[in-house]
Amino acid sequence: MQVQGLEDVVAAESSICFIDGDKGILSYRGIDIHELARKSTFEEVCFLLWEGRLPAREELAATQREIGAERAIPGEILSFLASLARTAAPMEALRTAVSALSAADPDGADMSPAANRRKARRLTGQIGTVVAAYERLRRGQAVVPPDPGRSHADDILRMLGGQTAPSSAVRALDIALILHADHELNASTFAARVTAATLSDMHSAVTSAIGTLKGPLHGGANEAVLQMLREIGSLDRVDADIRARLARKERIMGFGHRVYSTEDPRATHLREMSRQVAESSATTLWYDMSQRIEQIVNAEKKLNANVDFYSASLYFMLGIPPDLFTPLFAVSRISGWTAHVLEQYAHNRLIRPRAEYTGPSYPQPYVPMDAR
Ligand code: ACO
């Protein structure tokens, strides 16, 4: 076991997400991700993560209604977002908005299980609207209010683009939301659980998680993948560029994973969706470049694409701006973060590990200022 990075350390008991990294298995509450991606919806997955089982028909309808109703965000938060719009990147705005939303939450400081379940649903609804509204504000466009009758994926695309998106784009986003919803003790979920374990509130836990997701070694990698694709720019430049990056010992964003030694099962779907969207688009360039990069990195480094690799070309071809890729990850992962926070509260113990001390030997003298 390696101390640095807590590799393979089991730091919590959880009944939410099962991963077998050698076999490439990912499941939510025991249900295989491939089956969920084919048959489920984001709202159904939210219920599954929060409640531990699939909803009955009425329960699913209620979850859709509740998340839809919670997409509305207070006017003061919209004004606050408008005040950030000239300077803050979307991920900064999202992190700041979630922190601010705690002050406007109708459940306030109530830490009862029922209030925390409501906060989970509310944050899930609100985060989608924050991302879409902020994008409109920074483009100088009118904010599109949520339509509670629509599915989350449908309404987010409509609030972003100002009109109903094609059903193929809605289903592609819905599947992407399902695939990103939870992933055991990934860095941002761990951050959320550490915060929750001090018995701090759900908004604080989610704010910690968003700050953690933002980094390029975690959720920020999807935006970095698109930046790399744009830098390379054409299919004929891929080989030389990627080989040069590898020779410089640079990390190729969207490859490698702490847990999977085989294909990340989420990448299987995202690759296929990227291919399908490319084939119905004006150009297949972004998919073709991605595929060639994958072949080279597989061959040269034996590294597999992770969830962030093909989501980049997919989102870009769906017309989503690159700096919204990581916020969209949060739009989905809020379901997993809040499920883990609820689980942490239900079986709480403070998370407080130790460090292997490597500093000056004890005891050292306290040298007076004049003698230093
Ligand atoms: N490109 C090139 N080499 C890599 C990559 C990569 N993407 N990933 C790992 N390696 C190499 C490392 O250089 C190292 O090689 P070395 O032993 O010769 O020094 C070896 O593989 C092991 O790498 P570690 O950093 O020890 O692996 P770790 O488990 O700590 O890292 C991580 C996992 C952070 C995901 C890493 O693979 C990486 O940086 N990938 C690129 C960023 C990325 O895509 N992040 C998203 C992950 S998925 C998610 O969080 C949603």
Side-chain angles (χ1 to χ4, degrees), residues 1-11 17 19 21-22 24-26 28 33 37 91 175-193 208-229 231-232 238-239 241-271 274 290 292-315 322 324-337 340:
M1 192 192 294
Q2 204 184 327
V3 172
Q4 288 285 60
L6 299 181
E7 184 167 348
D8 291 335
V9 171
V10 174
C17 184
I19 303 175
D22 294 328
I25 294 172
L26 165 62
Y28 303 157
I33 193 69
M91 203 55 184
I175 295 172
L177 295 179
I178 292 169
L179 295 172
H180 287 82
D182 194 50
H183 210 238
E184 199 221 43
L185 272 202
N186 61 90
S188 55
T189 301
F190 187 53
R193 288 190 78 130
S208 301
I210 293 173
T212 309
L213 184 73
K214 180 171 173 284
L217 295 190
H218 188 18
N222 51 15
E223 184 183 347
V225 169
L226 207 273
Q227 190 186 330
M228 174 179 72
L229 291 173
E231 279 166 15
I232 299 173
V238 166
D239 285 50
D241 187 287
I242 294 296
R243 288 182 209 288
R245 286 173 198 257
L246 291 175
R248 293 194 298 269
K249 303 241 174 285
E250 276 177 29
R251 275 169 197 248
I252 311 298
M253 290 292 138
F255 286 88
H257 200 277
R258 177 63 68 78
V259 179
Y260 294 113
S261 56
T262 181
E263 166 128 324
D264 179 335
R266 301 166 297 180
T268 315
H269 289 274
L270 291 160
R271 183 192 296 107
S274 176
S290 302
R292 183 63 196 141
I293 294 170
E294 187 180 26
Q295 285 166 356
I296 299 171
V297 178
N298 281 169
E300 298 287 321
K301 294 289 290 185
K302 309 264 178 296
L303 286 170
N304 294 302
N306 60 45
V307 68
D308 287 319
F309 188 64
Y310 279 101
S311 57
S313 50
L314 172 69
Y315 290 159
L324 292 197
F325 294 179
T326 313
L328 267 187
F329 196 148
V331 165
S332 163
R333 186 58 60 85
I334 181 64
S335 57
W337 290 332
H340 279 266

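Every number for a ligand or one of its atoms is a count from 1 in the order of the listing. Computed from heavy atoms alone, side chains included, the values below leave out hydrogens, waters and symmetry copies. For reference, positions follow the sequence shown, starting with 1.
Aromatic ring pairs are classed by plane angle as parallel below 30°, tilted from 30° to 60° and perpendicular above 60°; the pair His218 and Phe329 is perpendicular.
Taking a 4.0 Å cut-off on heavy atoms, Gly220 fails to register as neighbouring ligand 1. Contact annotation: Phe309 has no heavy atom less than 4.0 Å from any atom of ligand 1. For Asn186, the heavy-atom gap to ligand 1 stays at 4.0 angstrom or more.
Taking a cut-off of under 4.0 Å to the non-hydrogen atoms of Asp308, the atoms of ligand 1 that pass are 46 (C), 48 (S), 49 (C), 51 (C). Near Lys301, the atoms of ligand 1 lying under 4.0 angstrom from a non-hydrogen atom of the residue are 3 (N). The distance from ligand 1 to the heavy atoms of Pro216 drops below 4.0 Å at these ligand atoms: 42 (C), 45 (N). The ligand atoms of ligand 1 that sit less than 4.0 angstrom from a heavy atom of Val307 are 51 (C). Set against the non-hydrogen atoms of Ala221, the atoms of ligand 1 under 4.0 Å away are 43 (C), 44 (O), 45 (N), 46 (C). Less than 4.0 angstrom separates some heavy atom of Gly254 from each of these atoms of ligand 1: 43 (C), 44 (O). In summary, the atoms of ligand 1 found under 4.0 Å from a heavy atom of Gly256, numbered by their order in the structure, are 35 (C), 37 (O). The Phe329 neighbourhood of ligand 1 comprises atoms 51 (C), with distances under 4.0 Å to a heavy atom of that residue.
Between Met228 and Glu250, every side-chain heavy-atom pair lies at or beyond the 4.5 Å cut-off.
The minimum heavy-atom distance linking Cys17 with Leu26 is given by the pair SG-CD1, 3.5 Å. Nearest heavy-atom pair, Asn306 versus Gly256, reported as atom, atom and distance to 0.1 Å: ND2-O, 2.9 Å.
Polar contact check, Arg266 against ligand 1: no nitrogen or oxygen pair lies under 3.5 Å apart. Polar contact check, Leu217 against ligand 1: a nitrogen or oxygen pair lies under 3.5 Å apart. Backbone and side-chain nitrogen or oxygen atoms of Glu250 are examined, and none is located within less than 3.5 angstrom of a nitrogen or oxygen of ligand 1.
Counting only distance, with no hydrogens or angles, the side chain of Tyr28 and the backbone of Ile178 share a donor-acceptor pair below 3.5 Å. Within the 3.5 Å criterion, the main-chain N or O of Gly24 finds no donor-acceptor partner in the side chain of Asp264. Counting only distance, with no hydrogens or angles, the side chain of Arg258 and the backbone of Gly5 share a donor-acceptor pair below 3.5 Å. Here the side chain of Arg333 pairs a donor or acceptor atom with the backbone of His180 at under 3.5 angstrom.
A salt bridge (charged side-chain N to carboxylate O under 4.0 Å, His left out) check over residues 299-313, counting only residues at least two apart or in different chains, returns the pairs Arg243-Glu300.
Proximity of Ala187 to ligand 1, defined as any heavy-atom pair under 4.0 Å, is not found for any part of the residue.
For atom 47 (C) of ligand 1, the nearest non-hydrogen atom from the set Asn306, Leu303, Leu246, Leu213 belongs to Asn306. For atom 14 (C) of ligand 1, the nearest non-hydrogen atom from the set Arg251, Met253, Gln4 belongs to Arg251. Evaluated by nearest non-hydrogen atom to atom 30 (O) of ligand 1, the leading choice among Arg258, Arg333, Glu300 is Arg258.
A donor atom on one side chain and an acceptor atom on the other are not found under 3.5 Å apart for Asp22 and Thr262.
Residues forming a ring-ring contact (aromatic ring centres under 6.0 Å, His included) with His183 (at least two apart in sequence, or on another chain): His257, Tyr260.
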